[in-house]
Amino acid sequence: MVRVPLSPQERERGERFGALLRQARGERSMVDVAAAAGVSAETLRKIETGRAPTPAFFTVAALAHALGLSLDVLAAACAEDAGQSGEAMSA
């Protein structure tokens, strides 16, 4: 099976998502948040840096739970128009 390359918009959405996670993580270490979510620190690092712009739903849900974020808030903040209007995330 061949994976279709991501569009520039999909990459930008992944970068916004990573930035939101970094912001929500605050002073907590990447290792602590990853452990709380049940994912590897390397997975979290890839998501935060945009190298994994389309993480699996259950990974997103676990990170949201570990960071005390609503999935609705994350979805709204990562929507295409959110990147253009500069909306900020609220936890």
Side-chain angles (χ1 to χ4, degrees):
M1 174 198 241
V2 176
R3 184 173 180 171
V4 177
L6 298 175
S7 69
Q9 293 81 13
E10 290 169 320
R11 285 195 175 99
E12 289 172 15
R13 184 181 59 219
E15 290 171 3
R16 283 195 307 273
F17 180 65
L20 292 171
L21 292 181
R22 278 193 307 277
Q23 178 185 353
R25 185 165 54 84
E27 297 296 319
R28 293 176 65 184
S29 78
M30 192 176 286
V31 172
D32 288 342
V33 171
V39 300
S40 72
E42 183 59 22
T43 295
L44 180 55
R45 183 180 344 280
K46 287 178 181 177
I47 294 168
E48 284 191 358
T49 60
R51 289 180 28 228
T54 58
F57 172 78
F58 291 105
T59 300
V60 172
L63 288 167
H65 180 73
L67 293 167
L69 297 173
S70 160
L71 288 174
D72 291 334
V73 169
L74 285 176
C78 291
E80 251 182 79
D81 58 347
Q84 296 168 2
S85 66
E87 289 181 27
M89 178 189 68
S90 61

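Not measured: the values here are computed from a predicted model.
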message: Set out, in order, the CA-CA distance, both residues' side-chain angles and the distance that settles side chain to side chain contact (heavy atoms under 4.5 Å, CB included) for L67 and R28, then state yes or no.
response: CA-CA 10 Å; L67 293 167; R28 293 176 65 184; 4.2 Å; yes
task: For A37 and A62, work out which heavy atoms get closest and say how close.
output: O-CB, 3.3 Å
query: Any donor-acceptor pair under 3.5 Å linking the side chain of R16 with the backbone of A79?
result: yes
- prompt: Looking only at heavy atoms, which two atoms of A77 and L20 are closest? And how far apart?
  reply: CB-CD1, 3.3 Å
- request: Taking the side chain as every heavy atom from C-beta outward, state whether E15 and T49 have any atom pair closer than 4.5 Å.
  value: no
Flag, side chain of R11 to backbone of P53, donor-acceptor distance under 3.5 Å: no
- prompt: Hey, what do you get for CG (L63) to CG (L69), rounding to the nearest 0.5 Å?
  reply: 9.5 Å
statement: The reported gap from CE in M30 to OG in S40 (rounded to nearest 0.5 angstrom) is 10.5 Å
task: Decide whether S7 and R13 meet the rule of one side-chain donor and one side-chain acceptor closer than 3.5 Å.
output: no
query: Can you tell me how far CG of L71 sits from NE2 of H65, rounded to the nearest 0.5 angstrom?
result: 11.0 Å
- prompt: Measuring from T43:OG1 to R51:CZ, what's the distance to the nearest 0.5 Å?
  reply: 10.0 Å
message: Could you check whether any side-chain heavy atom of I47 comes within less than 4.5 Å of a side-chain heavy atom of V60, counting everything from C-beta outward?
response: no
